[in-house]
**Student:** 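What follows is a structure written as structure tokens; I'll ask about it next.
Chain A is the first sequence line, chain B the second, and so forth, proteins listed ahead of strands; every chain is numbered from 1.
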2 protein chains.
Amino acid sequence: MAGDGRVTEGTPAAPRRQARGQQRIQEILHAAAAVFGEQGYDATTTNAIAKRAGISPGSLYQFFKDKDDIARSLAAHYAAQLTALRAGVFTVETVDGADLEDLVDAVLGPLVAFNLAHPGFKALFARTDMPAGLRDAVAPIQATIHQRVADLIALLVPDRPPEGVARTATVAIQLVRAMTPLITEAEGPERDALTAELREALVGYLRRQV
Amino acid sequence: MAGDGRVTEGTPAAPRRQARGQQRIQEILHAAAAVFGEQGYDATTTNAIAKRAGISPGSLYQFFKDKDDIARSLAAHYAAQLTALRAGVFTVETVDGADLEDLVDAVLGPLVAFNLAHPGFKALFARTDMPAGLRDAVAPIQATIHQRVADLIALLVPDRPPEGVARTATVAIQLVRAMTPLITEAEGPERDALTAELREALVGYLRRQV
DNA sequence: TAACAATACGAGTAAATGCTCGTGTTGTCG
DNA sequence: CGACAACACGAGCATTTACTCGTATTGTTA
């Protein structure tokens with residue numbers, strides 16, 4: 001992660017990070033996630049990230065090539081945590097046995113919790129129109145997520161052709177992406193109600209495919 | 001529309017537009033819609049709009065106060081056309097008699113056509129995270145759309161409390177908003193397939209509420 | 001036609017912002 | 001300790017961009 005800690009991509013050697021630097025990288029990513037979550041990607045300035053991290057703008061650029069590089073690293077960071085999350089929550093076996101409602105709950109609950117715990121996540125993934133740099137930064141992760149959801153759905157609907165499965169995955173992901181900002185911005189019972197509503201939508205949609 | 005054609009909001013009198021000016025306003029809105037649709041709102045520069053409209057930057061600001069004012073006017077423009085669309089496509093009577101599938105089709109078909117015909121629409125309405133200026137600009141229209149969809153859903157589910165109807169409307173709208181960019185960007189059969197998939201999602205979701 | 005308002009121009013301005021650079025400090029390794 | 005690399009600073013550069021302003025032209029109105 002953190003672009004392998006490299007500042008440049010070309011011939012210049014990557015600096016060998018010392019403990020202080022490793023920690024700084026984490027602090028910067030943490031700060032970036034916070035500001036992205038509050039202001040959105042476009043509106044976030046690199047100086048604001050530096051300030052939030054308690055360092056100078058110059059220091060920031062000793063760890064990251066540019067703003068997109070921060071987004072890239074943060075996206076990779078989230079991807080890793082999502083993988084861990086998925087591994088902990090369900091396996092193929094649990095999928096096979098469970099019915100649709102339980103399956104949706106098993107995925108949706110941790111996913112909502114993840115979004116609440118990581119406010120910067122939605123800023124990177126929940127946008128429908130992205131600036132070119134950001135799109136490239138998160139594209140690989142988007143593809144990974146899509147693949148995983150498609151695999152899940154393929155288990156539910158074994159007869160369907162791959163393109164159909166892909167489209168179903170797309171719709172399901174889009175639905176979650178669109179609802180996530182509303183859910184995280186709501187609070188208390190309204191948040192729960194919106195989450196339940198999203199669940200209903202997913203179940204209702206997926207039921208039709210089976 | 002066009003902010004009533006006023007350039008300033010305060011005491012200074014609004015200029016009395018002549019035919020040339022009225023036409024310019026339309027040309028500017030048309031150009032803005034095109035560029036918004038291609039680049040997105042943030043990435044669109046006012047100079048690019050002016051160039052596309054074939055006028056100078058200075059001329060642009062004789063008709064619009066600022067960039068947000070253009071978005072506001074364009075949003076109002078779209079709102080008016082949407083109202084006309086709705087009036088032409090279905091009435092409360094048609095809703096009462098039809099079943100769910102037909103109702104969804106009746107709304108979705110023209111809506112997709114509208115988005116294809118007006119590429120700038122999604123740039124103003126389909127974003128999940130909006131800059132402050134844009135959010136304010138389109139908020140009233142969003143509210144109007146939400147109200148209309150809620151009214152429709154209230155007819156389908158008469159027993160439900162208003163908050164529940166509102167949430168269902170929210171989910172339905174979000175689903176359409178999220179899928180619209182994908183549908184407009186796709187072409188030919190893939191576009192049709194995605195549209196059909198969106199239809200399935202809406203029907204599946206709304207079925208559960210009835 | 002005289003006077004005024006609306007339209008048009010486009011170089012230029014002020015502000016924002018991603019990022020650099022010169023310099024100084026801290027850690028590492030022989 | 002000596003030398004070098006990593007880390008840190010923050011003023012400021014270069015660029016972008018929303019918007020202005022002085023000026024010239026076209027339309028309207030009495």
**Student:** Here's a test of your reading of the structure: between A43(B) and I55(A), which maps to the more 5' nucleotide of DNA chain D?
**Tutor:** I55(A)
**Student:** Check this for me: does any side-chain nitrogen of one of R135(B) and D129(B) sit under 4.0 Å from a carboxylate oxygen of the other?
**Tutor:** no
**Student:** Check whether any side-chain N or O of T46(B) sits under 4.0 Å from OP1 or OP2 of dA18(D), and answer yes or no.
**Tutor:** yes
**Student:** Can we say K122(B) and E185(B) salt-bridge, meaning some charged N sits less than 4.0 Å from an Asp/Glu carboxylate O?
**Tutor:** no
**Student:** Between C1' on dT25(D) and CD on Q18(B), what's the gap in Å once rounded to a whole number?
**Tutor:** 12 Å
**Student:** From OH of Y61(B) over to C1' of dC19(D), roughly how many Å is that when rounded to an integer?
**Tutor:** 5 Å
**Student:** Can you measure D42(A) atom CG to dT16(D) atom P for me and round it to whole angstrom units?
**Tutor:** 17 Å
**Student:** Report the distance from atom CG of N47(A) to atom P of dA11(D), rounded to the nearest whole Å.
**Tutor:** 11 Å
**Student:** Round to the nearest Å and state the distance from R17(B) atom CZ to dT28(D) atom C1'.
**Tutor:** 15 Å
**Student:** Indicate yes or no: at least one non-hydrogen side-chain atom of R167(A) is less than 4.5 angstrom from one of R160(A).
**Tutor:** no
**Student:** For K67(B) and dC19(D), what is the distance between atoms NZ and P respectively, to the nearest whole Å?
**Tutor:** 8 Å
**Student:** Calculate the interatomic distance between F64(B) atom CZ and dT20(D) atom P; express it in whole Å.
**Tutor:** 15 Å
**Student:** In terms of ring plane angle, is the pair H118(B) and Y78(B) parallel, tilted or perpendicular, where the classes change at 30° and 60°?
**Tutor:** perpendicular
**Student:** Strictly by modelled atom types, are E197(A) and Q209(B) linked by a side-chain donor-acceptor pair under 3.5 Å?
**Tutor:** yes
**Student:** Contact class for G58(A) vs. all strands (heavy atom < 4.0 Å): base, sugar-phosphate, or nothing?
**Tutor:** base
**Student:** Taking R148(B) first and then D151(B), would you say they form a salt bridge - that is, a charged N and a carboxylate O separated by under 4.0 Å?
**Tutor:** no
**Student:** Can you check the R16(A) CZ to dC7(D) P distance for me, whole Å?
**Tutor:** 11 Å
**Student:** Which two nucleotides bound the region of DNA chain C that has atoms under 4.0 Å from heavy atoms of chain B, read 5' to 3'?
**Tutor:** dA6(C) to dG10(C)
**Student:** With a 3.5 Å cut-off and no angle check, do the side chains of Q23(B) and R20(B) form a donor-acceptor pair?
**Tutor:** no
